Protein chains: 2
Amino acid sequence: MIRSGAQLFRERGVSGTSFADVLEHSGAPRGSVYHHFPGGKDEFAIEVTRYAGGLIGGALRGALEGDDPVAAVRSFADMWIGVLESGEYAAGCPVVAVAVDAAPGPGTRAAAGDAFAAWESDLAVVLVRRGVGEDRARSLATLVLSGIEGAIVLCRAQGSAEPLRRVAGELATVVGAAVAGSRPPA
Amino acid sequence: MIRSGAQLFRERGVSGTSFADVLEHSGAPRGSVYHHFPGGKDEFAIEVTRYAGGLIGGALRGALEGDDPVAAVRSFADMWIGVLESGEYAAGCPVVAVAVDAAPGPGTRAAAGDAFAAWESDLAVVLVRRGVGEDRARSLATLVLSGIEGAIVLCRAQGSAEPLRRVAGELATVVGAAVAGSRPPA
DNA sequence: GTCTATACGAAGATAGAC
DNA sequence: GTCTATCTTCGTATAGAC
């Protein structure tokens, strides 16, 4: 159910996704909705957000494994380009969907904020490890995250992966310059 | 009604906003909904998107009037920071809300794409005027737009204007370097 | 733990009077 | 052009049996 919820949130948003949709998509038994999620849709949305945040965070950490922030930015962006192109630009980021859709309670919004903060932190850690100062690293991490998430929205609206391609190129340049500039002169 | 719709879309998303909400917020007569919008919610959402796109586009063009892209980026971001802070981070960009919420038909999504394209073009034109090459200008304009829109989402999720402040600073640096680097050496 | 049935309300949309 | 009334569908949530 949670996996299906994440997929449907990505396509239709939170308010646009009903339990009936989730049950149909997941094939889950209908009687178990309020058994597993006694808090109703709010609780369900929070769980979906946590799950999606962890999943995407895992992908991001995987991309960051080589301690090469430039390659990680490109790899993370390429992952999203693949998602967008294979799904005809119908599906975006579930965490953004939660953040933009205020229908559920404030807990859901906070869960989205936590996910973003975790991703940002993962990025900043690697930048610091590559010699970038802490403040700049945090600032750059926010730019990368905002840029990619914003570009995903643009891609969906325009039915094209071009915005994300352009943003990925610019971000790679900026991050590359920051890493190079912070390294001790050879 | 359209003005109210834009405000409510910003706060609750498209699926989360009903005609009853719009009527209550705007004080418009109830009988006139399907008189003015025979196409129902789809048509209404498209009109709201066009209106909001024009409004925000006007603000952006105003910020760009001095032909100073760096100041324009800061000014545009500051406008959003003001909106976020004065509204307790409840309201974001209505065009993003439309792009993320697939509930209405494809026409709405296209209207959002048109708005983004127009803003991007406004930005790129000024960059070109300042000597930036056409491809780079387009690429930078996409980065600025994606970065700011993405940061607005992060701000809402985290209940803070910090992401947008950081992104605005980074974008100002990048745009400043591009403009400076493209000017003929003095 | 899952099922059926259903209460309750809300939303989109339409009809016809004024 | 606006109003009231209403139809229909859908969505959340609950109750109680298996």
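For clarity, every value in this text was computed on a predicted model and none was experimentally measured. Chain naming here is simple, since letters A, B, ... match the order of the sequence lines and numbering starts at 1 in each.
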Transitive ILVMFWY side-chain link [X] to [Y], under 4.5 Å:
| X | Y | result |
| --- | --- | --- |
| L84(B) | L145(B) | yes |
| V167(A) | V83(A) | yes |
| L164(B) | L123(A) | yes |
| V125(B) | V128(B) | no |

Measuring from atom OG of S32(A) to atom CE of M1(A), what distance do you get when rounded to the nearest 0.5 angstrom? 6.0 Å

About how many Å separate CD of E85(B) and CH2 of W80(B), when rounded to the nearest 0.5 Å?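 Between W80(B) CH2 and E85(B) CD, I get 14.0 Å after rounding to 0.5 Å.
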
Going by side-chain hydrogen bond (donor to acceptor under 3.5 Å, both in side chains), name the residues that satisfy it together with E24(A), two or more places apart in sequence or in a different chain. none

In sequence, state the C-alpha distance, the side-chain angles, and the governing distance for E134(B) and R129(B), and then conclude on salt bridge (Lys or Arg N to Asp or Glu O under 4.0 Å). CA-CA 10 Å; E134(B) 295 221 355; R129(B) 201 177 298 155; over 6 Å; no

What is the bend of the helix from dG1(C)-dC18(D) to dC18(C)-dG1(D) when you compare the axis at one end with the axis at the other, using five pairs each and rounding to 10°? 0°

Where do N or O atoms of nucleotides 13-17 of chain D meet protein N or O atoms at under 3.5 Å, pair by pair?
| from | atom 1 | to | atom 2 | distance (Å) |
| --- | --- | --- | --- | --- |
| dA13(D) | OP2 | Y34(A) | OH | 2.7 |
| dA13(D) | OP2 | K41(A) | N | 3.1 |
| dA13(D) | O5' | Y34(A) | OH | 3.2 |

DNA chain C contacts among residues 22-33 of chain B, heavy-atom distance under 4.0 Å: none

Can R156(A) and E88(A) be counted as an ion pair, charged N to O under 4.0 angstrom?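 Answer for the salt bridge query: no.
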
Do the charged groups of R12(A) and D21(A) touch, with an N to O distance under 4.0 Å?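 A salt bridge is present here (some side-chain N lies under 4.0 Å from a carboxylate O).
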
Tabulate atom names and distances for all N/O pairs under 3.5 angstrom spanning the protein and nucleotides 5-9 of chain D.
none

Angle between ring planes, F44(B) versus F19(B), binned at 30° and 60°: parallel, tilted or perpendicular?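 If you compare the ring of F44(B) with that of F19(B), the planes turn out tilted.
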
Check whether the side chains of E162(B) and Q158(B) place a donor and an acceptor atom closer than 3.5 Å, and report yes or no.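 Distance-only check fails for E162(B) and Q158(B).
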
Kindly point out which of dG11(D), dG1(C), dA11(C) is positioned nearest to the side chain of H35(A)? dG1(C)

Starting the side chain at C-beta, find the nucleotide from dA11(C), dT2(D), dG11(D) nearest to H36(B).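 Within the option list, the nearest is dT2(D).
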
Among residues two or more places apart or on two chains, list those pairs meeting ring pair (Phe, Tyr, Trp, His ring centres under 6.0 Å) that have a residue in residues 129-150 of chain B.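 Qualifying pairs, neighbours excluded: none.
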
Looking across every strand, which nucleic acid part, if any, lies under 4.0 Å from S15(A) by heavy atom: base, sugar-phosphate, or nothing?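 The residue S15(A) makes no contact with any strand.
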
